Participant: 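To start, I am sharing the structure in question, which I have written as structure tokens.
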Amino acid sequence: MAKNPVRILVTGAAGQIGYAIVPMIARGVMLGLDQPVILHLLDIEPAAEALNGVKMELIDAAFPLLKGVVATTDVVEACKDVNIAIMVGGFPRKEGMERKDVMSKNVSIYKAQAAALEQHAAADCKVLVVANPANTNALVLKEFAPSIPEKNITCLTRLDHNRALGQILERLNAHVSDVKNVIIWGNHSSTQYPDVNHATVTTSSGGKLVRELVADDNWLNTDFIATVQQRGAAIIKARKLSSALSAASAACDHIRDWVLGTPKGTWVSMGVYSDGSYGIQPGLIYSFPVTCEKGQWSIVQGLKIDEFSRKKMDATANELIEEKSLAYSCLN
């Protein structure tokens with residue numbers, strides 16, 4: 001039996017990440033090779049012509065799984081009956097702008113989009129916020145879409161998770177399928193804490209801890225963390241543009257695992273609504289290690305946290321508390 005198409009919204013769809021992610025979704029990278037999709041593409045009025053160009057290319061690519069494309073600058077039309085919303089659109093920080101100015105612009109964008117999603121999206125709509133500040137944009141969206149369950153609103157830290165995996169793979173000359181269970185704690189910002197204390201590598205003689213195999217605590221506690229935290233800036237320096245391909249790929253990974261489930265014994269990092277686990281203030285959108293099953297995520301419990309990790313986890317939580325109060329001051 002053919003499956004019914006899933007409606008997927010991509011906001012900021014004429015931008016770099018949008019251009020990278022729509023062919024991935026249309027090829028089945030996000031939801032599998034047996035799942036038809038209808039793409040809803042939203043962007044702002046000045047990008048309408050470019051957005052139409054993206055629609056034309058999607059038609060020209062003749063993707064077998066793509067059952068329709070809605071390309072619009074009207075947020076209500078874009079949100080109509082969507083099952084999954086990938087929120088890529090946001091206001092980027094420009095030179096000379098204060099953090100509060102950027103926050104204020106994004107608060108108003110996410111407030112408006114939250115209202116449209118709440119009124120017009122499918123009842124079980126899953127939301128992934130990609131645009132920065134991602135955790136706080138997701139929190140604003142949650143505040144203004146109270147009927148969307150808090151478990152359905154997440155933000156992207158899978159990019160950071162994948163970046164951490166990439167650094168370990170390069171260091172150990174390992175294959176991606178052999179390394180698992182790194183963790184990104186906290187904010188999708190330069191205060192995030194990439195943690196390898198529970199990560200393992202499958203070797204010919206069984207599973208080994210990453211920390212044992214790397215055998216260089218100094219690198220793992222300094223350069224490794226800094227490289228992952230600053231990777232976005234390094235890519236901007238190299239490309240003169242921000243991460244697009246890797247961000248799009250990570251967004252597909254995030255939704256695929258959320259919808260289809262994580263492999264047994266493997267967890268991934270997702271920015272989710274804190275319930276107080278690991279002493280993190282409830283009501284923040286914070287990146288935790290999670291497992292997914294039957295379309296639901298659960299925070300991995302019972303991991304041992306050492307003093308070094310505790311400090312890093314609290315520092316990134318404090319930044320999120322600050323961001324939250326800044327966002328609320330913009331709302332008022």
Side-chain angles (χ1 to χ4, degrees), residues 3-15 17-19 21-22 24-26 30-31 35-48 50-52 54-55 58-59 65-91 105-131 134-156 248 251-252 254-256 258-259 270-273 285 295-297 327 330-331:
K3 292 182 174 180
N4 289 328
V6 170
R7 291 182 179 270
I8 303 172
L9 166 65
V10 179
T11 74
I17 296 173
Y19 191 71
I21 200 170
V22 291
M24 292 182 187
I25 298 170
M30 183 177 277
L31 293 176
Q35 178 58 66
V37 295
I38 296 170
L39 279 167
H40 287 226
L41 310 179
L42 175 70
D43 218 311
I44 54 174
E45 198 59 55
L51 185 66
N52 193 45
V54 175
K55 180 179 177 176
L58 283 167
I59 292 164
L65 290 172
L66 187 60
K67 299 299 177 192
V69 182
V70 176
T72 183
T73 57
D74 174 11
V75 69
V76 171
E77 186 188 1
C79 291
K80 185 96 180 85
D81 299 329
V82 296
N83 308 103
I84 293 168
I86 314 292
M87 314 302 282
V88 179
F91 193 90
K105 296 269 191 198
N106 281 295
V107 161
S108 59
I109 292 168
Y110 277 82
K111 186 176 170 181
Q113 292 184 348
L117 279 171
E118 179 165 59
Q119 288 168 35
H120 304 287
D124 62 346
C125 182
K126 286 178 160 60
V127 182
L128 168 60
V129 178
V130 176
N135 300 59
T136 301
N137 284 344
L139 193 63
V140 169
L141 197 144
K142 189 207 139 300
E143 288 294 312
F144 287 96
S147 71
I148 298 178
E150 58 197 32
K151 277 216 144 196
N152 282 24
I153 296 175
T154 64
C155 80
L156 187 71
C252 289
H254 175 114
I255 296 289
R256 187 184 62 246
W258 188 4
V259 173
M270 284 171 64
V272 298
Y273 198 65
I285 302 257
Q296 300 288 328
W297 55 263
C330 295
L331 287 168

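Remember, it's a predicted structure, so these values are computed and weren't measured experimentally. Position 1 is the first residue of the sequence, and the numbers go up from there.
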Participant: If we check side-chain hydrogen bond (donor to acceptor under 3.5 Å, both in side chains) with T72, which of these qualifies: K55, E77, K80, H40?
Facilitator: E77
Participant: Report yes if some heavy atom in the side chain of L117 is under 4.5 Å from a heavy atom in the side chain of V75; otherwise report no.
Facilitator: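 L117 vs V75: side chains apart.
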Participant: Quick check on Y19: does its OH atom have over 12 non-hydrogen neighbours (other residues, nucleotides or ligands) under 6.0 Å away?
Facilitator: no
Participant: Looking at CG of L9 and CG of D81, how far apart are the two atoms once the value is rounded to the nearest 0.5 Å?
Facilitator: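 Between L9 CG and D81 CG, I get 12.0 Å after rounding to 0.5 Å.
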Participant: Taking M30 as the fixed residue, which of V6, V37, I86 is the one that meets the side-chain contact (heavy atoms from CB on, under 4.5 Å) rule?
Facilitator: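 Going through V6, V37, I86 one by one, the side-chain contact (heavy atoms from CB on, under 4.5 Å) with M30 is satisfied by I86 alone.
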Participant: Check A134 against C155 and note the closest heavy-atom contact, atom names and distance.
Facilitator: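 Residues A134 and C155, closest heavy atoms: O-CB, 3.7 Å.
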Participant: Which of these, T154, V130, V259, sits in a side-chain contact (heavy atoms from CB on, under 4.5 Å) with H254?
Facilitator: T154
Participant: Taking all atoms of both residues into account, what is the closest heavy-atom pair of W297 and Y273, and its distance?
Facilitator: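 Minimum heavy-atom separation between W297 and Y273: CH2-O, 3.9 Å.
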Participant: For A26 and L65, which heavy atoms make the closest approach, and how far apart are they?
Facilitator: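 Here A26 and L65 meet closest at O-CB, 3.6 Å.
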Participant: Counting heavy atoms not belonging to N4, are there more than 12 under 6.0 Å from its CG?
Facilitator: no
Participant: Write down the atom of I285, the atom of I153, and the distance for their closest heavy-atom approach.
Facilitator: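 Taking I285 first and I153 second, the nearest heavy atoms are CD1-O, 4.0 Å.
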Participant: Which of these passes side-chain contact (heavy atoms from CB on, under 4.5 Å) with Y110: M87, K105, E143?
Facilitator: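 Going through M87, K105, E143 one by one, the side-chain contact (heavy atoms from CB on, under 4.5 Å) with Y110 is satisfied by M87 alone.
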